[in-house]
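Here the structure comes first, spelled out in structure tokens, and everything after it is commentary.
All values below were derived from every heavy atom in this structure, side-chain atoms included, with hydrogens, water molecules and symmetry-related copies excluded.
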Amino acid sequence: MPEFKPFKRTARNFADQSYQNGGKGKYIRCSSFAQDGRRYIRSAVMLQGDLLRLFEFIEPAEDNFDCYSFRIHELLIRCCIEIESNFKAVLKENGYNKSGRWDIRDYKRIEGTHFLSQYEIKVPDFVDQSYVFRPFFDWTLDGNPPWHRAYNLTKHDRHNEFKQAKLGNMLNAMCGLFVVLASQFHTEDLSGGPDLLSIGEGVDDGFETVAGGLFRVKFPILTDPTLVYDFEHSVISDDPSFFNSHNYN
């Protein structure tokens, strides 16, 4: 049976394969769906602004993926901190109660509910407009994306591992952050205003512009009828009882 109640901090398609189904996607704006969702999006959009300033000095191109610098390292660290902050919010708000320190093994539990490895994302300013980032694809392999390994290496031993703070790793981390946001809030910017004018508007390539107006995401379409959402407009409510919680324990 379809999920008749949406899960907290979890965007999914409906039975008609859309994420809105005639406006039902407004469940994402309910107060009980996510705690302080705007703050997570606001922080990511600030990072996006810093990325655009970096592009004034380094052309966003695959040829430059091995370029590294202190500015790139700063963005890599900040991106990964934000990703982990979002992961912790998803786990905590869905009742995960493991004691002790959480790490990538805990965060990977979210793959089973948010299907992050299936997301694809484009950077419209990228020189090769056909280039697609898949920041969580490695979760289907060894469970630790290269950009996350670079984050840990440079965080704990910057002197010897500084070359890991390179553009390719940072861009994948930045894309990973916006994938994690999109997997929770779809294309919402939670501003209360109209949708942002997107870069790439009108391009029919299956990608949609997400919060911040820069990154464009191709969302996974779930076909398993036990995973998709299916509920009526009339039941959408701010009441906490309207939302399900994932069992991550």
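Taking CE of Met170 as the reference point, atom NE2 of His73 lies at 12.0 Å (rounded to 0.5 Å). Distance CZ/Arg71 to CG/Leu51: 13.5 Å, rounded to 0.5 Å. Taking CG of Asn13 as the start and CD1 of Ile221 as the end, the distance is 4.5 Å to the nearest 0.5 Å.
Residues Asn172 and Asn169 have side chains that never bring a donor and an acceptor to within less than 3.5 angstrom of each other. In the model, Gln184 has no side-chain atom that pairs as donor or acceptor with a side-chain atom of Thr10 under 3.5 Å. For Tyr96 and Asp106, the side-chain atoms include at least one donor-acceptor pair closer than 3.5 Å.
Here the closest heavy-atom approach between residue His233 and residue Gly22 is recorded as NE2-O, 2.9 Å.
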Can you check side-chain contact (heavy atoms from CB on, under 4.5 Å) on Asp138 and Asn144, steps first, answer last?
CA-CA 6 Å; Asp138 289 87; Asn144 193 358; over 6 Å; no
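We find that Asp50 and Arg78 are joined by a salt bridge, their nearest charged nitrogen and carboxylate oxygen being less than 4.0 Å apart. Remark: Lys8 does not engage Glu93 in a salt bridge, criterion side-chain N to carboxylate O under 4.0 Å. Comment: Glu188 engages Arg29 in a salt bridge, judged by a side-chain N to carboxylate O separation of less than 4.0 angstrom.
If you look at Phe57 and Phe55, their ring centroids are not closer than 6.0 Å. Between Trp139 and Phe115, the distance from one ring center to the other does not fall under 6.0 angstrom. Ring centroid separation for the pair Phe231 and Phe242 comes in under the 6.0 Å cut-off.
Between Tyr68 and Phe162, the angle of the ring planes goes over 60°, which puts this pair in the perpendicular group of the 30/60° scheme. Between Tyr27 and Phe243, the ring-plane angle classifies as tilted under the 30° and 60° cut-offs.
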